[in-house]
Protein chains: 2
Amino acid sequence: MARNKEQNEKMREERKQQIRSGALRQFATKGLFATKIKDIADAVGMAQGLVYHYYKSKDEIYVELIKNALNKMNEAVISLKEMSLPPHEKIRLAIEQLLKTIDTSDDFIQTCRLIAHATSSTAIPEEAKKLIQEKRDLPYQEVAKIMAQGQEEGTIIEADPNELAIVFWTSINGLAIYKATRQDSTAIPDARILINMFMERTGEKSCRV
Amino acid sequence: MARNKEQNEKMREERKQQIRSGALRQFATKGLFATKIKDIADAVGMAQGLVYHYYKSKDEIYVELIKNALNKMNEAVISLKEMSLPPHEKIRLAIEQLLKTIDTSDDFIQTCRLIAHATSSTAIPEEAKKLIQEKRDLPYQEVAKIMAQGQEEGTIIEADPNELAIVFWTSINGLAIYKATRQDSTAIPDARILINMFMERTGEKSCRV
DNA sequence: TTTTTGATTGAATGTTCATTCAGTATATTA
DNA sequence: TAATATACTGAATGAACATTCAATCAAAAA
């Protein structure tokens, strides 16, 4: 097998990815403290000691996972912001996509659990706290902006846009957690229930004339 | 100080309550594994060893807290069920009360966090798992029934009542978690945003004629 | 071939706890 | 007062675990 600098670098990064992948599931289901290095090593199929060939500590793995999760979330929000769609269609699309992802992507669910564990626990590494502090607000802010735009167009209900954003994300998050804790095939609710909550009712359809 | 059987029993129960109270906050903010017996003892202001005079183990305290939390939640749901109000008013009232409680009762928030930690972690005592298994579904079932009743009366929107119940509870839960993780004075959203989501729109108000 | 470099293993080390325990204090009862 | 029972303390014990380390292994380069 080749062994030049780049190849080496690449293989090393692949191995690190395997570790992160195994660690994600462990941290997501058990939390940082209940997860033992042995659990991670077993999940990846390597010896305990080898984990330390790739990561300095358990905390370092954890922090990297938190960082990735927050970044992915923020990137998704930015790309939503930059779509050329009317605001209420952005909200509709976002809810549909998020619910579908919750329903189909195990990785996404695990990531939500990880973030949930992390944001609701004070017993996490300082660096993870800092990252959360820095990055958790962007999704709320961006959705609030979209809500405000929709209000100007008369398509989103009148209410404090920040509050709408909070309801938006906490509902999504609550659903992700719910789904994660029901191993079986519990169906995720129809997206229209949530979408409805934010849409101004302008028309015939919802009126008994 | 008196020292007959009953007095003793009562004082012992008070002391246990103090321990539970201190432990609740610790478990809620850090989870089971990150919470050390020393933390609990310090929170109550007693020596480590004394905790074991009242509880056999850390797990036993944890299980008792989980049990209390689930019972309180279920009792509240039963009392909602038994109120003589039209279904949509029950939903309205429940949302208003829950949001107000989230906003004002620190104990309630801590309890929500405890349950959230517990339901989303596999690293909890077997007995706690069993309790959650047994008791977590009642609130969903009862709210689903109320939703169905409301649909018959035409006051609750048409959608699978079970899905409505899931959205109901996951939204509430998401908000509680949100509130718990923002130390500052973050306001809880206006209850009407959530209430709206479930109510059939029958009238003039929401129509542009 | 030999040398070098990185991957890998599992045992050794030291620390952090949960839990136990020996002993002290305090209050009630006899 | 002495005997007894409970509350209480903080040190001792032992297990679990994160991290380190000495020793192999395998591939590539020389």
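Per chain, numbering begins at 1; letters A, B, ... match sequence-line order.
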### Summary
Expected list for residues 57-68 of chain B near DNA chain D, using heavy atoms below 4.0 Å, is none

### Task
Calculate the interatomic distance between A:E9 atom CD and C:dT5 atom P; express it in whole Å.
16 Å

### Note: A:R182-B:D137 ion pair, threshold 4.0 Å (strictly below)
yes

### Message
For a quick check of understanding: with a heavy-atom distance under 4.0 Å over all strands, which category does A:Y54 fall into, base, sugar-phosphate or nothing?
### Response
sugar-phosphate

### Task
Would you kindly give the CZ-to-P distance between B:F33 and D:dC17, to the nearest whole Å?
8 Å

### Query
Who pairs with B:K145 by salt bridge (charged side-chain N to carboxylate O under 4.0 Å, His left out), at least two apart in sequence or on another chain?
B:E142

### Task
Report the residues that fulfil salt bridge (charged side-chain N to carboxylate O under 4.0 Å, His left out) with A:R12, sequence neighbours left out, ordered by chain and then residue number.
none

### Task
Specify the separation, in whole Å, of atom CG of A:L32 and atom C1' of D:dC17.
13 Å

### Query
Tell me: OH of A:Y55 to P of D:dA18, nearest whole Å?
17 Å

### Task
Starting from P on D:dT19, measure out to NZ on A:K38 and report it in whole angstrom.
16 Å

### Message
Which residues pass the side chain to side chain contact (heavy atoms under 4.5 Å, CB included) test with B:L50, not counting sequence neighbours?
### Response
B:R15, B:M46, B:H53, B:Y54

### Query
In Å and rounded to the nearest 0.5 Å, what is the CD to OG1 distance from B:E200 to B:T155?
8.5 Å

### Message
Rounding to an integer number of Å, can you tell me how far A:I37 CD1 sits from C:dT9 P?
### Response
15 Å

### Task
Only pairs at least two apart or in different chains count here, so list each side chain to side chain donor-acceptor pair (under 3.5 Å) that has a residue in residues 59-70 of chain B.
B:R20-B:E64, B:Y55-B:E64

### Task
Kindly state each residue pair satisfying side chain to side chain donor-acceptor pair (under 3.5 Å) with at least one member in residues 123-133 of chain A, sequence neighbours excluded.
A:E126-A:K129

Polar atoms only, N or O, under 3.5 Å: list the protein pairs with nucleotides 9-16 of chain D and their distances.
{"residue": "D:dT9", "atom": "OP2", "partner": "B:A47", "partner atom": "N", "Å": "3.0"}

### Query
For C:dT19, does OP1 or OP2 lie under 4.0 Å from any side-chain N or O of B:Y52?
yes

### Task
Quick one: which residue pairs count as a ring pair (Phe, Tyr, Trp, His ring centres under 6.0 Å) with a foot in residues 99-138 of chain B, not counting sequence neighbours?
none

### Query
Among residues 17-31 of chain B, which contact DNA chain D at a heavy-atom distance under 4.0 Å?
none

### Message
Rounded to whole Å, how long is the line connecting atom CG of A:N8 with atom P of C:dT4?
### Response
17 Å

### Task
List in chain and number order the residues that pass side chain to side chain contact (heavy atoms under 4.5 Å, CB included) with A:E163, two or more places apart in sequence or in another chain; answer none if no residue qualifies.
A:D160, B:P189, B:D190, B:I193

### side chain to side chain donor-acceptor pair (under 3.5 Å) contacts touching residues 93-105 of chain A (sequence neighbours left out)
A:D103-A:K179

### Task
With sequence neighbours excluded, tell me which residues meet ring pair (Phe, Tyr, Trp, His ring centres under 6.0 Å) with B:Y178.
A:Y140

